[in-house]
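Quick note: numbers below take in every heavy atom, side chains included, and nothing from hydrogens, waters or symmetry partners.
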Amino acid sequence: MYSIRRSEVLSVDAQIKKGVLDACVLYALSKGESYGYKIIIDLSNVITISESTLYPILKRLEAGGAVTTRTKEFNGRLRRYYTITETGLQKLNESKRDFEAINAIYIRIFGGKK
């Protein structure tokens, strides 16, 4: 018999949350170039995300080639703008397919209408 350790469950839970947050940020950027605070506002009707959560996600997505950045002065300060790349659009589409597959599993397990 196979048993699941709590650490394995927490790892899967963290991976799912990471995937959801990445998909949300990529979705916001798929609508056009944006900056941190605006991304938070744009996602506020979907999910609550703080700056301390958002910026590491953006940094990770940039390192993975999913977004590019540029800086521009705004009201005397430099503001960083983020743009989704072709790689980011592919990741967003992969996320959508993954969530559709997960949703289908939940429907089969728990019932309900698709």
By the salt bridge (charged side-chain N to carboxylate O under 4.0 Å, His left out) test, which pairs, at least two apart or in different chains, include something from residues 64-74?
Glu33-Arg70
Is the shortest heavy-atom distance from the side chain of Val20 to the side chain of Phe99 under 4.5 Å?
yes
Asp42 versus Ser34, closest heavy-atom pair with distance
OD2-OG, 4.2 Å
Here the gap from Thr87 atom OG1 to Glu94 atom CD, rounded to the nearest 0.5 Å, amounts to 9.5 Å
Given side chains that start at C-beta, do those of Lys91 and Lys96 come closer than 4.5 Å, heavy atoms only?
no
Interatomic spacing from CD1 in Ile57 to SG in Cys24 - rounded to 0.5 Å:
8.5 Å
With a 4.5 Å cut-off on side-chain heavy-atom distances among I, L, V, M, F, W and Y, is there a chain of contacts connecting Val46 to Leu54?
yes
Smallest separation among heavy atoms of Leu43 and Ala28, with atom names:
CD2-CB, 4.0 Å
Which atom pair, heavy atoms only, marks the closest approach of Ile40 to Ser50?
CD1-C, 4.1 Å
Cluster check Leu21, Tyr55: I/L/V/M/F/W/Y, side chain < 4.5 angstrom:
yes
Would you say CD of Gln90 has more than 12 non-hydrogen atoms from neighbouring residues, nucleotides or ligands within 6.0 angstrom?
yes
Under a 4.5 Å cut-off applied to non-hydrogen side-chain atoms, are Asp22 and Ser95 in contact?
no
Inter-residue atom distance Thr69.OG1 - Leu61.CG, 0.5 Å rounding:
12.0 Å
What's the shortest heavy-atom distance between Ser30 and Leu89, and which atoms?
CB-CD2, 4.2 Å
Any chance you could measure Ile41, atom CD1, to Tyr35, atom OH, to the nearest 0.5 Å?
8.5 Å
Going by ring pair (Phe, Tyr, Trp, His ring centres under 6.0 Å), name the residues that satisfy it together with Phe74, two or more places apart in sequence or in a different chain.
none
Between the side chain of Thr85 and the main-chain N/O of Gly65, is any donor-acceptor distance below 3.5 Å?
yes
Closest non-hydrogen atoms of Thr53 and Pro56, given as atom of the first, atom of the second and distance, are O-CD, 3.3 Å
Roughly how far apart are Leu58 CG and Tyr82 OH, rounded to 0.5 Å?
5.0 Å
Between CG on residue Leu29 and CD1 on residue Ile39, distance to nearest 0.5 Å:
4.5 Å
With hydrophobic residues grouped by side-chain heavy-atom distances under 4.5 Å, do Tyr81 and Ile49 end up in a single group?
no
Got Leu26 and Val67 here, is their nearest side-chain heavy-atom distance under 4.5 Å?
yes
